[in-house]
Amino acid sequence: MSITQQEYNNLLRLQKEFQEHDTIILGPHPIKWSKTIKALETHDLFILDFTRNSTIKISKYQINKRYRSTIVLFRYCSDKPHTNPDGKKFVGSHIHIYQEGYDDKIACDPKDIGIETQNSMEEVLIKILNYFNVINIPNIQKAMN
């Protein structure tokens with residue numbers, strides 16, 4: 001199931017907040033959690049997934065923003081290679097922003113939304129939440145190795 005680009009753009013503009021305002025914990029690894037985010041005007045629900053694997057590269061983590069449980073609107077991957085359908089390669093951090101006809105298969109440079117390679121996981125998460133117009137962001141507990 002997919003959505004149109006216009007639907008994506010409309011969802012992006014909606015003001016949203018976490019359904020529960022518990023502290024967000026980003027570590028230690030391995031850690032995996034999902035949190036529900038609700039659009040204030042339309043009451044659409046979104047799921048924010050965070051996964052940090054127990055690999056040698058403890059900087060490796062992924063953040064997904066899903067809609068209707070299965071539509072990935074945005075994905076951030078750190079330290080993970082990816083090749084786009086057109087052959088463009090990413091060897092490190094990259095983002096996937098929903099595109100009609102491609103869903104989340106196309107990767108882009110994180111700088112496109114203001115994420116720099118030196119940003120911490122906490123800064124990356126805050127920039128993603130700001131990009132998706134999430135307000136009243138709960139306290140974020142810094143990651144521990």
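Only a predicted model underlies this, so the values are computations on that prediction, with no experimental measurement involved. Positions are given from 1, in the same order as the sequence printed here.
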_To the closest 0.5 Å, what do you measure between CZ (Arg52) and CD1 (Ile25)?_
13.0 Å
*Could you pull out the closest heavy-atom pair between Ala39 and Thr42, with the gap in Å?*
CB-OG1, 3.4 Å
*If you round to the nearest 0.5 Å, how far is CD of Glu20 from CD1 of Ile37?*
12.0 Å
*Which heavy atom in Gln19 sits nearest to a heavy atom in Leu45, and how many Å separate them?*
NE2-CD2, 4.2 Å
*Quick one: do Asp79 and Ser93 satisfy side-chain hydrogen bond (donor to acceptor under 3.5 Å, both in side chains)? Show the steps, please.*
CA-CA 5 Å; Asp79 200 24; Ser93 299; over 6 Å; no
*Stepwise, does the side chain to side chain contact (heavy atoms under 4.5 Å, CB included) test hold for Ile140 with Thr23?*
CA-CA 6 Å; Ile140 297 174; Thr23 297; over 6 Å; no
*Transitive ILVMFWY cluster of Tyr102, excluding itself - 4.5 Å side-chain cut-off*: Ile106
*With sequence neighbours left out, what residues match Gln6 under side-chain contact (heavy atoms from CB on, under 4.5 Å)?*
Thr4, Asn10, Arg13
*Test side chain to side chain contact (heavy atoms under 4.5 Å, CB included) on Asn119 and Lys127 and set out the steps.*
CA-CA 10 Å; Asn119 289 144; Lys127 288 182 182 201; 3.5 Å; yes
*CD1/Ile3 to CG/Leu73 distance, rounded to the nearest 0.5 angstrom?*
5.5 Å
_Over all atoms of both residues, closest heavy-atom pair of Ser2 and Asp103_ = OG-OD1, 3.0 Å
*Would you find a donor on one side and an acceptor on the other, under 3.5 Å apart, between the side chain of Lys89 and the backbone of Gly87?*
no
*asked:* Taking the side chain as everything from C-beta on, heavy atoms only, tell me whether His21 gets closer than 4.5 Å to Asn139.
replied: no
*Can you tell me if Glu17 and Asn136 form a side-chain donor-acceptor pair at under 3.5 Å?*
yes
*asked:* Which heavy atom of Asn133 sits nearest to which heavy atom of Leu12, and what is that distance?
replied: CB-O, 3.7 Å
*Could you give the distance from CD (Gln118) to CD (Glu123), rounded to the nearest 0.5 Å?*
8.0 Å
*So, Glu100 side chain and Gln5 main chain: donor-acceptor pair closer than 3.5 Å or not?*
yes
*Determine, step by step, whether Ile24 and Lys35 satisfy the side chain to side chain contact (heavy atoms under 4.5 Å, CB included) criterion, reporting the C-alpha distance in whole Å, the side-chain angles of both residues, the deciding distance to 0.1 Å, and the verdict.*
CA-CA 9 Å; Ile24 296 172; Lys35 297 196 178 285; 3.9 Å; yes
*Heavy atoms, side chains only, cut-off 4.5 Å: are Lys38 and Asp44 in contact?*
no
_Closest non-hydrogen atom pair between His82 and Ala107, with its separation_ = CD2-CB, 3.3 Å
*For Ile135 and Leu40, what are the C-alpha separation, side-chain angles and deciding distance, and is it a side chain to side chain contact (heavy atoms under 4.5 Å, CB included)?*
CA-CA 10 Å; Ile135 62 168; Leu40 301 179; 3.6 Å; yes
*Residue list, side chain to side chain donor-acceptor pair (under 3.5 Å) with Asp86, at least two apart or on another chain*: none
*So, do Trp33 and Leu26 sit near enough that their side-chain heavy atoms are less than 4.5 Å apart?*
yes
*Which class fits the ring pair His94 and Phe90: parallel under 30°, tilted 30 to 60°, perpendicular over 60°?*
tilted
*Starting at CG of Leu48, measure out to CG of Leu129 and round the result to the nearest 0.5 Å.*
6.0 Å
*For Phe74, which of Phe132, Tyr8, Phe46, Tyr98 qualifies under ring pair (Phe, Tyr, Trp, His ring centres under 6.0 Å)?*
Phe132
*From Asp112 CG over to Ile97 CD1, what is the distance, rounded to the nearest 0.5 angstrom?*
6.5 Å
